[in-house]
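All residue numbers in this chain count up from 1 along the given sequence. Predicted model, so just to flag it, every value in this text is computed and none were measured. Below, each value reflects all heavy atoms present in this structure, side chains not excepted, and no hydrogens, waters or symmetry copies.
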Amino acid sequence: MERINEITLEGMLPKVFVNERIHESGVWKCRLALKRGENYLIEAASGAGKSSMCAYIYGSRDDYEGKLLFNGEDVTAFPISRWQEIRRSHIAYLPQELDLFPELTALENIQLKNRLTSHFGDAEIERFLEELGIASRRDYPVGRMSIGQQQRVAIIRSICQPFDFILLDEPVSHLDEENNRIAAAMIMREAARQGASVVSTSVGNPLLLSNALHILL
């Protein structure tokens with residue numbers, strides 16, 4: 001499958017909002033084109049639909065009106081096999097809920113994905129753990145780690161694949177400024193290496209993206 005160079009939201013609106021008054025938005029009921037290689041910060045109040053937007057782009061939900069296009073092609077026609085390929089090689093996703101396995105260790109959670117993609121070597125993963133200050137927790141069950149530590153595990157796991165776009169739903173909500181800076185640098189370094197886009201949402205503690213286009217959802 002060719003690279004995804006543009007994701008376009010045309011007149012999209014979550015069905016739950018259809019009978020509600022929608023305030024001016026840079027996402028809903030308008031045309032928003034996300035281009036590979038550019039960075040975006042989607043700022044929104046709680047309940048404005050930022051998690052829904054990410055889930056729609058990732059293909060895990062389809063309860064919306066309007067159109068979602070990848071390279072100009074309507075995604076409603078995509079079979080499951082094509083979505084599987086997109087999630088494996090074109091769109092990475094860090095959901096707000098993190099979706100980690102609490103009974104597995106930090107390293108096992110990361111390796112579970114990396115073994116499917118063979119994207120990084122063991123030494124690179126160890127370097128990421130060191131960089132984010134959780135190397136000493138590599139063999140701890142995730143369920144016994146703090147939320148901030150879990151978030152750092154999920155950040156490493158999210159980049160363990162090839163991608164054209166990476167969707168980050170409130171990725172640093174539990175990180176202090178220093179860990180935010182380190183996480184942002186790690187994500188942007190990998191995105192730049194792949195010529196990819198970072199699309200991050202925030203309700204107050206934004207990922208420290210450089211040269212990001214700010215969009216109010």
Side-chain angles (χ1 to χ4, degrees), residues 4 6-70 72 74-76 78 83 86-87 90-100 147-148 150-152 154-155 157-159 163-177 179-181 183-184 187-188 191 196-217:
I4 298 176
E6 184 172 295
I7 295 174
T8 308
L9 288 69
E10 286 192 353
M12 286 184 65
L13 185 68
K15 288 184 177 178
V16 70
F17 293 160
V18 167
N19 295 320
E20 297 183 17
R21 182 183 177 190
I22 301 299
H23 297 286
E24 185 176 350
S25 170
V27 176
W28 303 135
K29 298 182 73 174
C30 63
R31 186 181 189 277
L32 173 63
L34 305 173
K35 299 181 184 297
R36 183 171 64 85
E38 298 183 359
N39 298 321
Y40 302 88
L41 176 61
I42 313 292
E43 297 190 86
S46 181
K50 62 190 182 304
S51 295
S52 297
M53 182 199 73
C54 291
Y56 297 155
I57 294 173
Y58 196 63
S60 55
R61 286 177 54 186
D62 62 1
D63 54 318
Y64 61 85
E65 293 188 345
K67 291 183 178 181
L68 176 61
L69 311 172
F70 290 177
D74 194 328
V75 304
T76 56
F78 290 0
W83 276 115
I86 287 169
R87 294 167 187 156
H90 298 281
I91 299 180
Y93 181 30
L94 173 60
Q96 187 179 157
E97 298 82 6
L98 304 181
D99 290 347
L100 296 170
I147 297 299
Q150 290 181 31
Q151 201 161 46
R152 282 174 271 175
I155 286 169
R157 184 195 57 184
S158 72
I159 62 173
F163 58 86
D164 301 318
F165 290 82
I166 182 166
L167 309 172
L168 307 167
D169 191 9
E170 292 194 58
V172 293
S173 56
H174 297 283
L175 301 188
D176 58 28
E177 185 175 349
N179 279 310
N180 183 336
R181 183 189 62 77
I187 293 166
M188 292 189 67
S197 284
V198 178
V199 182
S200 180
T201 73
S202 172
V203 294
N205 183 26
L207 184 70
L208 299 175
L209 296 176
S210 60
N211 303 317
L213 176 64
H214 287 238
I215 299 170
L216 182 63
L217 191 150

Exercise for the section: Please check if the side chain of N180 supplies one atom and the backbone of V172 the other of a donor-acceptor pair under 3.5 Å. Expected result: no
Practice task
Output all residues satisfying side-chain hydrogen bond (donor to acceptor under 3.5 Å, both in side chains) with N19, sequence neighbours left out; order by chain, then residue number.
Solution key: none
Problem - Minimal non-hydrogen separation, L41 against P206, with atom names - result: CD2-CB, 3.7 Å
Practice task
Name all pairs fulfilling the salt bridge (Lys or Arg N to Asp or Glu O under 4.0 Å) condition that reach into residues 36-51, sequence neighbours left out, sorted by first residue then second.
Solution key: K50-E170
Exercise for the section: State whether the side chain of S197 and the backbone N or O of F165 hold a donor-acceptor pair below 3.5 Å, judged by distance alone. Expected result: no
Handout entry: N/O donor-acceptor pair under 3.5 Å between N39 side chain and V198 backbone
Key = yes
Problem - side chain to side chain contact (heavy atoms under 4.5 Å, CB included) assessment of L68 paired with I57 - result: CA-CA 8 Å; L68 176 61; I57 294 173; 4.3 Å; yes
Exercise for the section: Answer yes or no: is there a side-chain heavy-atom contact under 4.5 Å between M53 and L9? Expected result: yes
Practice task
Kindly determine whether I159 and I166 satisfy side chain to side chain contact (heavy atoms under 4.5 Å, CB included), including the steps that lead there.
Solution key: CA-CA 8 Å; I159 62 173; I166 182 166; 3.9 Å; yes
Fill in the blank from the handout: Tightest non-hydrogen contact, residues A48 and A44, listed as CB-CB, 3.9 Å
Fill in the blank from the handout: dist T76:OG1 -> K67:NZ (nearest 0.5 Å) comes out at 8.5 Å
Handout entry: R181 side chain vs L208 backbone, donor-acceptor pair below 3.5 Å
Key = no
Exercise for the section: Would you tell me whether T8 and E10 have side-chain atoms, one donor and one acceptor, within less than 3.5 Å of each other? Expected result: no
Exercise for the section: Nearest 0.5 Å please: distance from the CG atom of L98 over to the CZ atom of R152. Expected result: 12.0 Å
Practice task
Answer yes or no: are there more than 12 heavy-atom neighbours, outside E177 itself, under 6.0 Å from its atom CD?
Solution key: no
Exercise for the section: For L100 and R157, run side chain to side chain contact (heavy atoms under 4.5 Å, CB included): C-alpha distance rounded to whole Å, both residues' side-chain angles, the deciding distance at 0.1 Å, then the answer. Expected result: CA-CA 9 Å; L100 296 170; R157 184 195 57 184; 3.4 Å; yes
Exercise for the section: Output, in order, the C-alpha distance, side-chain angles, deciding distance and verdict of side chain to side chain contact (heavy atoms under 4.5 Å, CB included) for I91 and I7. Expected result: CA-CA 11 Å; I91 299 180; I7 295 174; 4.2 Å; yes
Exercise for the section: Kindly say whether Y93 contributes a backbone atom to a donor-acceptor pair with the side chain of R87 at under 3.5 angstrom? Expected result: no
Exercise for the section: Return the set of residues passing ring pair (Phe, Tyr, Trp, His ring centres under 6.0 Å) with Y56 (not counting sequence neighbours), or none when no residue passes. Expected result: Y64
Exercise for the section: Taking all non-hydrogen atoms of both residues into account, name the closest pair between S25 and C30 and its distance. Expected result: O-SG, 3.8 Å
Handout entry: Residues forming a side-chain hydrogen bond (donor to acceptor under 3.5 Å, both in side chains) with K29, sequence neighbours excluded
Key = none
Practice task
Of all the heavy-atom pairs spanning R61 and D63, show the shortest one and how long it is.
Solution key: NH2-OD2, 2.8 Å
Handout entry: Member of L209, L207, T201 meeting the side-chain contact (heavy atoms from CB on, under 4.5 Å) criterion with L168
Key = L207
Handout entry: Test side-chain hydrogen bond (donor to acceptor under 3.5 Å, both in side chains) applied to S46 - qualifying residues, sequence neighbours left out
Key = none
Exercise for the section: Using the six-membered ring wherever Trp is involved, compare the ring planes of F17 and W28 and label them parallel, tilted or perpendicular (cut-offs 30° and 60°). Expected result: perpendicular
Exercise for the section: Apply side-chain hydrogen bond (donor to acceptor under 3.5 Å, both in side chains) to D99 and list each qualifying residue two or more places apart in sequence or on a separate chain. Expected result: none
Completion exercise
Scanning both residues in full, the closest heavy-atom pair of L175 with A183 reads CD1-CB, 4.2 Å
Fill in the blank from the handout: S51 and Q96 have their tightest heavy-atom pair at OG-NE2, 3.1 Å
